[in-house]
Peer 1: 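Quick one: the structure is below, questions incoming.
Worth saying up front: this structure is predicted, and the values here are computed from it rather than measured.
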Amino acid sequence: MSTSETAEAESTAEDGWDAVRDLPPSAKLVAKTLEYNDALTQSQLAEETLLPPRTVRYALNRLEDVGVVSSRFSFADARKRIYTLDIE
């Protein structure tokens with residue numbers, strides 16, 4: 001990786017956390033929980049953070065709006081989505 005690519009990757013990570021900084025505390029908690037756990041479902045996030053499912057859903061929506069969280073369908077259960085943090 002060249003020096004410019006490294007600097008670009010670092011600025012992207014900083015931009016991501018800067019976007020999270022302006023979000024509500026619940027969104028920050030969900031982001032930090034996803035940072036320590038690779039991928040979790042909404043119910044797993046609610047269990048880990050001790051937040052109500054509705055609050056977790058709101059936090060995930062806010063995080064997706066600023067582009068720091070991505071989701072995909074679970075292969076084990078297509079009704080569930082798996083959330084991952086897109087900040088390095």
Side-chain angles (χ1 to χ4, degrees):
M1 188 182 275
S2 70
T3 307
S4 63
E5 290 173 343
T6 304
E8 184 177 316
E10 288 175 3
S11 71
T12 303
E14 290 172 7
D15 292 343
W17 284 114
D18 285 342
V20 172
R21 186 174 294 128
D22 297 332
L23 296 178
S26 60
K28 292 175 188 173
L29 178 60
V30 168
K32 276 303 205 184
T33 303
L34 284 171
E35 182 181 23
Y36 293 115
N37 300 285
D38 290 335
L40 295 172
T41 64
Q42 182 180 330
S43 58
Q44 289 171 327
L45 279 165
E47 187 176 313
E48 286 287 322
T49 60
L50 302 177
L51 293 171
R54 183 176 178 175
T55 304
V56 172
R57 187 168 50 250
Y58 172 75
L60 287 168
N61 286 334
R62 295 293 303 265
L63 290 166
E64 284 182 323
D65 288 344
V66 296
V68 297
V69 167
S70 62
S71 65
R72 61 177 169 79
F73 288 105
S74 169
F75 293 118
D77 185 353
R79 297 171 295 176
K80 295 182 180 181
R81 297 187 70 77
I82 307 290
Y83 294 92
T84 55
L85 190 66
D86 287 342
I87 302 173
E88 293 296 322

Peer 1: Only distances under 3.5 Å count here; give the side-chain donor-acceptor pairs of residues 38-46 to other protein atoms, sequence neighbours excluded, each with its distance to 0.1 Å.
Peer 2:
{"from": "T41", "atom 1": "OG1", "to": "S43", "atom 2": "OG", "distance (Å)": "3.2"}
{"from": "T41", "atom 1": "OG1", "to": "Q44", "atom 2": "N", "distance (Å)": "3.2"}
{"from": "T41", "atom 1": "OG1", "to": "Q44", "atom 2": "OE1", "distance (Å)": "3.3"}
{"from": "Q42", "atom 1": "NE2", "to": "P53", "atom 2": "O", "distance (Å)": "3.3"}
{"from": "Q44", "atom 1": "OE1", "to": "T41", "atom 2": "N", "distance (Å)": "2.8"}

Peer 1: To the nearest 0.5 Å, how far apart are OH in Y58 and CG in L23?
Peer 2: 8.0 Å

Peer 1: Over all heavy atoms of both residues, which pair between A59 and A27 is shortest? Give the atoms and the distance, please.
Peer 2: CB-CA, 3.6 Å

Peer 1: Shared ILVMFWY cluster between F73 and V69, side chains joined below 4.5 angstrom?
Peer 2: no

Peer 1: Would you compute the distance between atom CG of L60 and atom OG of S70 and round it to the nearest 0.5 angstrom?
Peer 2: 11.0 Å

Peer 1: Can you tell me how far apart CG (L29) and CG (L50) are? Round to the nearest 0.5 Å.
Peer 2: 8.5 Å

Peer 1: For R21, is there any backbone N or O sitting under 3.5 Å from a side-chain donor or acceptor partner on K28?
Peer 2: yes

Peer 1: Can you check side chain to side chain contact (heavy atoms under 4.5 Å, CB included) on V20 and I87, steps first, answer last?
Peer 2: CA-CA 10 Å; V20 172; I87 302 173; 4.1 Å; yes

Peer 1: Quick check for you: to the nearest 0.5 Å, what is the distance between K32 atom NZ and L85 atom CG?
Peer 2: 9.0 Å

Peer 1: Can you list the residues that meet the side chain to side chain contact (heavy atoms under 4.5 Å, CB included) rule with R72, with sequence neighbours excluded?
Peer 2: F75, I82

Peer 1: Answer whether the closest heavy-atom distance between the side chains of V30 and L51 falls below 4.5 Å.
Peer 2: yes

Peer 1: How about CD on E64, more than 12 heavy atoms from neighbouring residues, nucleotides or ligands closer than 6.0 Å, or not?
Peer 2: yes

